[in-house]
Engineer: 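Here you go, one structure.
Residue numbering restarts at 1 for every chain, and letters A, B, ... go by the order of the sequence lines.
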Amino acid sequence: MVSLTTPYVSGFLAFREVPFLVELVQQLRKKEPSLMPQVLLVDGNGVLHHQGFGLACHLGVLTELPCIGVAKKLLQVDGLENNALHKEKIRLLLAGGDTFPLMGSSGTVLGMALKSHDHSTKPLYVSVGHKISLEVAVRLTHRCCRFRVPEPVRQADIRSREHIRRTLGRPGSPAAGQG
DNA sequence: GCGACAG
DNA sequence: ATCTTGTCGC
């Protein structure tokens, strides 16, 4: 359990969350190195970011592990907008695994919108964090999707909320910020 | 009031 | 993030 003190500011998510994530990886490296994952999926963006360096980039560099950014909403940077044209492109995604590139005004592909399964309305926004290609990042993310959100991220979400629900409801428990 | 808004 | 409303599938 950790207590977050840094406020959430869009564009600065890494400064709020990355110290705790790095600590978890280092604890695992020390105590159960055989369980060290070959790649991390992060609830947030990689290079799809105002400064081209989101949470998934920070975590990848600090842990030296391959890292994928998986966001549930489009971060509107470098001219990318969740506008009518974008929504039309989403509508044209037909089957799970379908994608379209997220091309910024600078001409760089910052990530891919991915329909994560056949009946999902909203896409995932996949971007490179560290030591992985966008193509592999998208394929791996898709293969982790039993539901819309990839299972590693989904389970982290479900289990952390369950832990908070258990913890917060009992006497003498510190309140916890949640990110 | 309006736009923007990773979590 | 959190909250609300509505729909669908089990």
Engineer: Counting just side-chain N and O atoms, does A/Y8 come under 4.0 Å of either OP1 or OP2 of B/dA6?
Structural biologist: yes

Engineer: Expressed in angstrom and rounded to an integer, what is the separation of A/N82 atom CG from B/dC5 atom C1'?
Structural biologist: 11 Å

Engineer: Taking A/T63 for its side chain and A/L59 for its backbone only, find out whether a donor-acceptor pair lies under 3.5 Å.
Structural biologist: yes

Engineer: Using atom C1' in both nucleotides, what's the gap between B/dC5 and C/dT2 to the nearest angstrom?
Structural biologist: 13 Å

Engineer: For the pair A/F53 and A/V61, evaluate side chain to side chain contact (heavy atoms under 4.5 Å, CB included) and give the outcome as yes or no after the intermediate values.
Structural biologist: CA-CA 10 Å; A/F53 209 79; A/V61 167; 3.8 Å; yes

Engineer: Verify ring-ring contact (aromatic ring centres under 6.0 Å, His included) between A/H86 and A/Y125, making sure each step is shown before the conclusion.
Structural biologist: CA-CA 12 Å; A/H86 182 80; A/Y125 297 96; 5.7 Å; yes

Engineer: Looking at B/dA6, I'd like to know if its phosphate oxygens (OP1 or OP2) sit under 4.0 Å from a side-chain N or O belonging to A/K72.
Structural biologist: no

Engineer: Which nucleotide in the list B/dC5, C/dT2, B/dA6 gets nearest to the side chain of A/R161?
Structural biologist: C/dT2

Engineer: Using a 4.0 Å heavy-atom cut-off across all strands, classify A/L48 as base, sugar-phosphate, or nothing.
Structural biologist: nothing

Engineer: Assess whether a salt bridge exists between A/R154 and A/E151, defined as any Lys/Arg side-chain N lying under 4.0 Å from an Asp/Glu carboxylate O.
Structural biologist: yes

Engineer: Stepwise, does the side chain to side chain contact (heavy atoms under 4.5 Å, CB included) test hold for A/L65 with A/K131?
Structural biologist: CA-CA 7 Å; A/L65 283 172; A/K131 286 186 171 179; over 6 Å; no

Engineer: More than 12 heavy atoms of other residues, nucleotides or ligands under 6.0 Å from CD of A/Q27: is that the case?
Structural biologist: yes

Engineer: Taking any heavy-atom pair under 4.0 Å as a contact, classify A/N45: base, sugar-phosphate, or nothing.
Structural biologist: base

Engineer: For A/D118 and C/dG9, what is the distance between atoms CG and P respectively, to the nearest whole Å?
Structural biologist: 15 Å

Engineer: Give A/G69 one of three labels, base, sugar-phosphate or nothing, depending on what nucleic acid heavy atoms sit under 4.0 Å from its own.
Structural biologist: nothing

Engineer: CG of A/L55 versus P of B/dG7: gap in Å, rounded?
Structural biologist: 10 Å

Engineer: Checking all strands, does A/F15 fall into the base, sugar-phosphate, or nothing category for heavy-atom contacts under 4.0 angstrom?
Structural biologist: nothing

Engineer: When the distance from CD of A/Q76 to P of B/dA6 is rounded to whole Å, what number comes out?
Structural biologist: 9 Å

Engineer: If the C1' atom of B/dA4 is compared with that of C/dA1, how far apart are they to the nearest Å?
Structural biologist: 15 Å

Engineer: For the side chain of A/S10, starting at C-beta, report the closest nucleotide among B/dA4, C/dA1, B/dA6.
Structural biologist: B/dA6

Engineer: Anything below 3.5 Å on both distances counts as a pair; with that, list the stems of at least three consecutive Watson-Crick or G-U pairs involving DNA chain C.
Structural biologist: none

Engineer: Sub-3.5 Å donor-acceptor pair from the side chain of A/S120 to the main-chain atoms of A/R148, do we have one?
Structural biologist: no

Engineer: Rounded off to whole Å, could you give me the CG-to-P distance for the A/L80 and B/dA6 pair?
Structural biologist: 14 Å

Engineer: Given atom CD of A/E81 and atom C1' of B/dA4, what is their separation to the nearest angstrom?
Structural biologist: 11 Å

Engineer: What is the separation between atom OH on A/Y125 and atom C1' on B/dG7, rounded to the nearest whole Å?
Structural biologist: 16 Å

Engineer: In whole angstrom, what separates A/H119's NE2 from C/dC10's C1'?
Structural biologist: 15 Å

Engineer: Output the distance between atom CG (A/L134) and atom OG (A/S127), rounded to the nearest 0.5 Å.
Structural biologist: 8.0 Å

